[in-house]
Every structure is written in structure tokens, then in C-alpha cells.
There are 2 protein chains.
Amino acid sequence: MDQSSPRNTSVTVADVAHKAGVSKATAARALGGYGTVSDRVREAVTAAARELDYRPNELARSMTTGRSGTIGVVVGDIENPFFSLAVRGITDVARQAGFTVILINSGEDFVAERAAIGTLLAKRVDGLIVSPAKENDVEHLHEAVRSGLPLALLDRGSDTLDVDTVIADDRHAAENITRRLIALGHSRIAYLTACDTPDHRFRTAKDIGTGSVRRRIEGFLGVCREAGMIGTEDWVHVGAITPEHTQRIVTEMLQSAQPPTAIIASDSIIGLEVFKVHRRLGLSIPDDLSLVSFHDADWTSVTTPPVTVVRQPVYDLGATAAKLLVERLNGEAQTPRKVVLKNEIVERASTREARF
Amino acid sequence: MDQSSPRNTSVTVADVAHKAGVSKATAARALGGYGTVSDRVREAVTAAARELDYRPNELARSMTTGRSGTIGVVVGDIENPFFSLAVRGITDVARQAGFTVILINSGEDFVAERAAIGTLLAKRVDGLIVSPAKENDVEHLHEAVRSGLPLALLDRGSDTLDVDTVIADDRHAAENITRRLIALGHSRIAYLTACDTPDHRFRTAKDIGTGSVRRRIEGFLGVCREAGMIGTEDWVHVGAITPEHTQRIVTEMLQSAQPPTAIIASDSIIGLEVFKVHRRLGLSIPDDLSLVSFHDADWTSVTTPPVTVVRQPVYDLGATAAKLLVERLNGEAQTPRKVVLKNEIVERASTREARF
DNA sequence: AACGTCAAAGAGACCGGTCTCATCTCGACT
DNA sequence: AGTCGAGATGAGACCGGTCTCTTTGACGTT
């Protein structure tokens, strides 16, 4: 069955049609399963196709149909367990619906994200799932929407973008977790995020471009204010963009005159570094320091002590975003939907009464 | 700048040409940067393009050039930290070289993998990076190669496929780690892998389809044999395909009359479950049980005790595969290259002398 | 027998780019 | 001045599908 090995130039409908002794149009009908074709001809064509090992050229098909069968996905960093799990959710749903996924990492960089959108637009993806790095700078997304491209936002919304959005109730989770820490007597609670500001200092939540994180910080600050705490803004640390940055920030923080008694890590990568640093400094969790991390990463349950986390429905976040998008692509959706999935707080042994 | 908002039908070169008052061919030349165009015309065309917000249709371009600018990547499971890191390596290199990545999970299922290759072939990807589930069943890959599609193999090779291949020296790592365990006095060493056999029992390494794992097991068995151990085959356990499976297997193993004194986990997901089970059973690592895991996942360094691992150059595995593929796509490569990257054994506190 | 209907098949335009080939213009060289 | 060559542009084929429009012919009806 390898006689035709040297064939490198691809087989087209015209070839199949010729071999089957019918016109190109008829062969296309038989192969494409549209129009009317007699059984006899259909068999002849499929036989010819099989013999020639014909494979339809999706590109050419996309050309005329205007549908490429692909979804563009732009996430911060596929290496981050949060995103890899979300992408798993997306790809599972997409494949089920007959779509393939083009994946691009933005590195949480606005410029890279814009370029990614441009690339995907040029590739004529049927739809877009984006986790925008900055909720304010979404002009490139507006543009995509304007050109008629269905868009779904993942984990981060945007007030100015009226499109399908799937987020978790991060504000609520942050409020809850902060309340618990305060109830445990903590008054020096630090919040640590990878999001950065131009001068690497935090002043107001408005400066935080990443929506999910902004909402968490707002929740955190709100509860602190409610509890009568002041100057909480100074306990928010930004710019933990690499493990090295995080280690430096955490080390300084813990060695200062007024070290925090509790730390909330905005993602599991940061949480992991906090855990490593506390060890290196010879501190004890939860005796000297309480730790809460966003994202129930695998490591959080096997440390000593295991870490209290906000368990986000990450897989569902991705799967739901894909589901909304696919429905829209199939014309089943009308007005944009905003889905908010529930977080769950998993209280483990890394949180305890503040001692002081 | 939004006057042209209602434009949903896309702008083509013909539109730009018309607006600039030149022929389609000339406009295409100016926009595509090929052929010769006078400065005056070039400016007129680019101005018209900007004004109409022209975006080239990559699909149409691919149609004639025969290059789609995409690389198809098929991995077992993007949720697995091993693959997400490798994919990060791939996407970084691919983007650098101007390629985008279509990602498909095979779930380590041969049928799904074959379907994935078919899809990618239809989408006319320029090249393929695959981590084949089974090194024997590669007919679908042969077919891809036969049709002239450049292919690079990731983490798993195949003797019958003479293509660019990037693997780590897993056999060597397995030999080393086994030797160390034996030197520590272990004689009941279990090896645990997700790869499965039809009857879920292990007999010979030949039954293991996943090349990297087969080489590890061969290394493991070889060293055991060298050391005069017999019946080692019975200590190899297959089918740890989900956390639940793994927990069941490990629990049974540890509660049997002859429990292992050391376990080698074939990947970090399995290693994690072993760690969880030993805890649940109230055992102590390394007092009751030594543990070694393949893949230096983030959690392995923060457990108590931290886990001895085989640190695989995962990012480089992906990056190198992409590099080889890109070079081939650029016509710089001649004969297929087989790259073997070095593993490193990171000895931590989870391994100790067998007691008794 | 004449006509209408409808399934089946063919011819060819089209999608939006690239690219070959022909034409035209203009400066340089003999 | 006439010829040559290179640069600039236009016309149109082409990639491999889809899809519309037209033609053909078998069958049923009155």
C-alpha cells in the first residue's frame, strides 16, 4: 500500500474527480456530504479518494466558508499551573465541539498580548478566549469585537467590554479569608501579587490592571477598613513577577521591624516561594506566620503544615469560557453572559491565631 | 477613528488597491514587501491600507505559499507539569521563529493521537512535534513523514522513525538512582508508572509502549539484575493512570506482607500520590520508605522531607525539539538528529539506608 | 404525445492572497 | 539617434476548496 510513496504534492478534489470520472463539483459534493449525489457516484468517489489517500485541505475550505475551525487562546503563561489547568478545560470543550486551539502566551505583557491578538486575527480564528493582562488596556480587544470576532474573557473581566465573561468570585474569597485572619487576631496581614505598578509600589487598587487581582485586593482592603485597620495599603506588595523577586520581597518583609503575621499569596507560584523563604529563614508556619494562597496547587496539600488555600474552579473556568464561546459560534447565544463561579476556601493548618 | 465601525466584511488587497488607485498586483507588492515598487506608490498603498484598517488574510496567503506558519504539537496532557513546561519551551522558540502553535492533548491515547495528527495534517501545519504515546504504533506518524511533513519527537523516540528526536537520558538516570538505592541497602524497590499493559500486569519492558518509560524500566531492571536481585519484574507496577489508581496501587503495595522499602515514581504526579499515601498510612519517609520521583516538580522541594528527584531538562526538551523543527523548516537541516539531554539527580532527604 | 417536476451532474465563479508574464517608461550606452 | 536593460506597473492565472447556476434526463401527469 506504499506504491504511491513518492507523492509529495497533495491530492485535490480535482484529482479524485478525474480518477472517479466525474466533475470536480460532483466529487466535492460526494466528499463534502452536501448537495445531492447518486449512491453509485458517491461510492466511486469515496473509493477513488481512499485509493489516492485524499485529505481535504482545511485551509482551502476555510477560505470559502469563512470558518477556520480554530479558537485562539491567549493566556499569561502556560507554565503556570493555573493556566495549564484552565487550558485543559478549554481544549477539552473545544475538541468536543470540533475546534482546535491555537495557544499563545502573553507573559502578562500588554504589548505581547496585542501582538498575539493580531496574529490570531490574521489566522482568521473563529473565536477568541483571552485572559487580558490589563483590564483597562483592551483597545485591541475592542477592535477584535468590532470586526465581529466572538470573544470570551477568562478569569478577568472588563467593564468596557460587553462580552461573554467567566470569572471566579475572587473578591468574596478575599473578603472571607481576610475576615478569618482578622478573627484569628492578625493585624499585620500582607498581600503579595505578581501584578506590578510603574514604580513597583502600591497605592490604590485602581493601579492594578489585572481584574481578578484587583478585586481580591479590593476585598482585602475593604474588610481591613471595616475592621478599623488603617494604612493597610502599605501591606500590599506588588511586583512578585519571578521567584527571585518574590524571595527578595518576602525576605525583606519578614526581616523588617514590623513583619507581617500573615501573608496572602495571590497565586500558587508566589505561595510556594513564601513557603520556601519562611523555611530558609527558620520561621515556623503557622507559629510565626500564617499563610494563605490562592489556587489549590498540588503542593499545598503535602507540605508540613499543609497550606490553607482558596480553591478556584480553574478547570471549569476554562471549560465554561470555551462552552460560552462555542455556543456563540454556533449561533445559540444572544446577549453576552457573565458567569461567576464559586471559590471554596480550604482551611488547612497554615493559619492560626496571631501571636504577638 | 471609529467611523468605519460597521465594517464587518474584511478588507482585501483589492480594496486597498482601489483606494490607492493602483492595481491589485502592485498593492500586493507594496504590502507584501516583495517585487519592486516605487516609493511614491508604496506610501500611497500603506496609507490606504492604514485608513481601511487592512489586515492580511493569513489563510489566503498560506493557500498559495503552502506555508501556514503553524506548528502542531501533540502531547499527553497539558495539565501535567511536565508537558506544560515542555510546551512553554516549544512556544517560546516557535514564537521567536514566527510560528504559532496548535496544541492538542492525546490523553496518552493512541486513537486520539492518530486523530490529532489527522486534524493537524488537514490544517496544513508546517511541522509537527509529537510525544508519541506508543513507540510501536507510529504508523500515523510514518504517514505524516511520508507526506513530507517535518516531524520532531519529544521525550520519546522510535527506532523505526528516522526523524529529529529529543529525549533525556532516562535509562542512565534510572540506572544511577537504582544503584544508589541498592547501595543504601534496599532490596525491595518498586517502580511505579502510569503506562499500562492490556492486563494491567508487568512482565517485560517490551510491553511498555512509552519509550522514555521503557528505557527507565530497562535501566532499573538491568541494575537490579547486575546486583543479583531476582524477580524484580514483580516490583514494577503499571496502570497508575489516575490519582485514584495510584493510591490504590500504592496502598496495597505498602500494606502487603512484603512492602517495598523504596519506591521510584515515574512522574511527579505519581510521586505526589505516593507521598500522600505514605502520610495517610502513618508511615515515615525516609525511615520506613525511601522515595525517588522523576521530574523536579515544584512540590518536591517543599515537602518534609524534600524528595529526591531526577531533574529532567524539561523546558530544554521542548525548546530543543522546536529548535530542530524550525531549523528543518528553514531548510537548514539535512539528516535527522537525535539529541539526548542530560538528567541530573537531585538528592534530597527522602532517600536513606533501608532499615533492617 | 406533450409537458412539468425534480434529482443528478457539470461548468465555472469565487474566496484573498501570490506570482508569472507582458507591457511600458526612461536613462544609459554605442 | 537607436538600442538595450532595468525598474515599475498591470493583467490574469493559480492555490483547493465551496457554491450558484445551468443543463440533462428519467419519471409522472393529463
Side-chain angles (χ1 to χ4, degrees), chain A residues 7-46 48-49 52-70 119 121-126 147-148, chain B residues 7-46 48-49 52-70 119 121-126 147-148:
Chain A
R7 164 193 59 74
N8 51 358
T9 163
S10 61
V11 180
T12 74
V13 264
D15 299 331
V16 175
H18 182 76
K19 172 133 195 158
V22 297
S23 76
K24 184 182 154 197
T26 304
R29 270 190 282 260
L31 294 168
Y34 59 92
T36 61
V37 188
S38 69
D39 292 350
R40 214 172 41 76
V41 169
R42 191 191 325 281
E43 276 162 34
V45 171
T46 44
L52 295 173
D53 191 27
Y54 166 75
R55 292 165 180 282
N57 184 332
E58 274 292 337
L59 253 42
R61 177 174 297 164
S62 304
M63 204 64 236
T64 39
T65 59
R67 308 194 82 195
S68 62
T70 42
T119 304
L121 244 52
K123 295 240 185 261
R124 295 300 195 264
V125 292
D126 291 336
S147 71
Chain B
R7 165 194 61 73
N8 50 0
T9 162
S10 62
V11 180
T12 74
V13 265
D15 300 329
V16 175
H18 183 76
K19 173 132 192 156
V22 299
S23 75
K24 185 182 152 195
T26 305
R29 269 189 283 259
L31 294 168
Y34 59 92
T36 61
V37 188
S38 68
D39 291 351
R40 215 171 41 75
V41 169
R42 191 192 323 278
E43 277 162 33
V45 171
T46 44
L52 294 174
D53 190 28
Y54 166 76
R55 292 167 179 282
N57 184 332
E58 275 290 338
L59 253 42
R61 178 173 298 165
S62 303
M63 198 71 232
T64 37
T65 59
R67 309 194 80 194
S68 63
T70 41
T119 304
L121 244 52
K123 296 242 184 261
R124 294 302 195 262
V125 293
D126 291 336
S147 73

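Convention: sequence-line order gives letters A, B, ...; per-chain numbering from 1.
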What residues, two or more places apart in sequence or in another chain, satisfy side-chain hydrogen bond (donor to acceptor under 3.5 Å, both in side chains) together with [X]?
X	answer
B/Ser62	none
A/Ser23	A/Thr26
A/Arg55	B/Glu143
A/Arg61	A/Glu58

> Measuring from B/Leu59:CG to A/Thr70:OG1, what's the distance to the nearest 0.5 Å?
Replying inline: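 Those atoms lie 7.5 Å apart.
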
> Per the end-axis method with five pairs at each terminus, what is the bend angle of the helix from C/dA1-D/dT30 to C/dT30-D/dA1, to 10°?
Replying inline: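 Roughly 60°, once rounded to the nearest ten degrees.
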
Provide, to the nearest angstrom, the distance between the [atom1] atom belonging to [X] and the [atom2] atom belonging to [N].
X	N	atom1	atom2	value
B/Lys123	D/dG16	NZ	C1'	15 Å
A/Arg67	D/dG16	CZ	C1'	20 Å
B/Met63	C/dC14	CE	P	17 Å
A/Arg124	C/dG17	CZ	P	7 Å
B/Asp39	D/dT9	CG	C1'	15 Å
B/Asn57	D/dC15	CG	P	18 Å
A/Glu43	C/dA9	CD	P	12 Å
B/Arg40	D/dA8	CZ	P	11 Å

> Taking all atoms of both residues into account, what is the closest heavy-atom pair of A/Tyr54 and A/Leu31, and its distance?
Replying inline: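 What the structure gives for the nearest pair is CE2-CD1, 3.6 Å.
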
>> Please classify the nucleic acid contact of B/Thr36 as base, sugar-phosphate, or nothing, using heavy-atom distances under 4.0 Å.
In response: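 Counting heavy atoms under 4.0 Å across all strands, the contact made by B/Thr36 includes a base.
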
> Does any N or O in the side chain of A/Asp126 come within less than 3.5 Å of the main-chain N or O of A/Arg67, such that one atom is a donor and the other an acceptor?
Replying inline: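 Checked: no pair found.
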
> Taking B/Lys123 for the side chain and A/Ser68 for the main chain, is one N or O donor matched with an acceptor at less than 3.5 Å?
Replying inline: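 Side chain of B/Lys123 to backbone of A/Ser68: a pair is present.
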
Listing time: all N or O pairs from protein to nucleotides 20-23 of chain D that are below 3.5 Å?
none

> Taking only residues two or more places apart in sequence or in another chain, which ones pass salt bridge (Lys or Arg N to Asp or Glu O under 4.0 Å) with A/Lys19?
Replying inline: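 For A/Lys19, the residues satisfying salt bridge (Lys or Arg N to Asp or Glu O under 4.0 Å) (neighbours in sequence not counted) are A/Glu51.
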
> Going by modelled atom types, is there a donor-acceptor pair between the base of C/dG17 and the side chain of B/Lys24 at under 3.5 Å?
Replying inline: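 A donor-acceptor contact between them is present.
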
Contacts under 3.5 angstrom, residues 35-42 of chain B side chains, donor-acceptor by atom type, not counting sequence neighbours:
unit_1: B/Ser38; atom_1: OG; unit_2: B/Val41; atom_2: N; d: 3.4
unit_1: B/Arg42; atom_1: NH2; unit_2: B/Val37; atom_2: O; d: 3.0

Would you please confirm or rule out a distance under 4.0 Å between OP1 or OP2 of [N] and any side-chain N or O of [X]?
X	N	result
B/Ser38	D/dT9	yes
B/Thr64	D/dC14	no
B/Ser10	C/dG16	yes
B/Ser23	D/dG10	yes

For nucleotides 24-27 of chain D, print each protein N/O atom paired with a nucleotide N/O atom at under 3.5 Å, atom names and distance only.
none

>> Among residues at least two apart in sequence or on other chains, which ones pass side-chain contact (heavy atoms from CB on, under 4.5 Å) with B/Asp15?
In response: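 If we apply the side-chain contact (heavy atoms from CB on, under 4.5 Å) test to B/Asp15, skipping adjacent residues, the hits are B/Val11, B/Thr12, B/Leu52.
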
>> Closest-nucleotide mapping onto DNA chain D: is B/Ala60 or A/Arg61 further toward the 5' terminus? I mean the 5' end.
In response: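 Counting from the 5' end, the first nearest nucleotide belongs to B/Ala60.
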
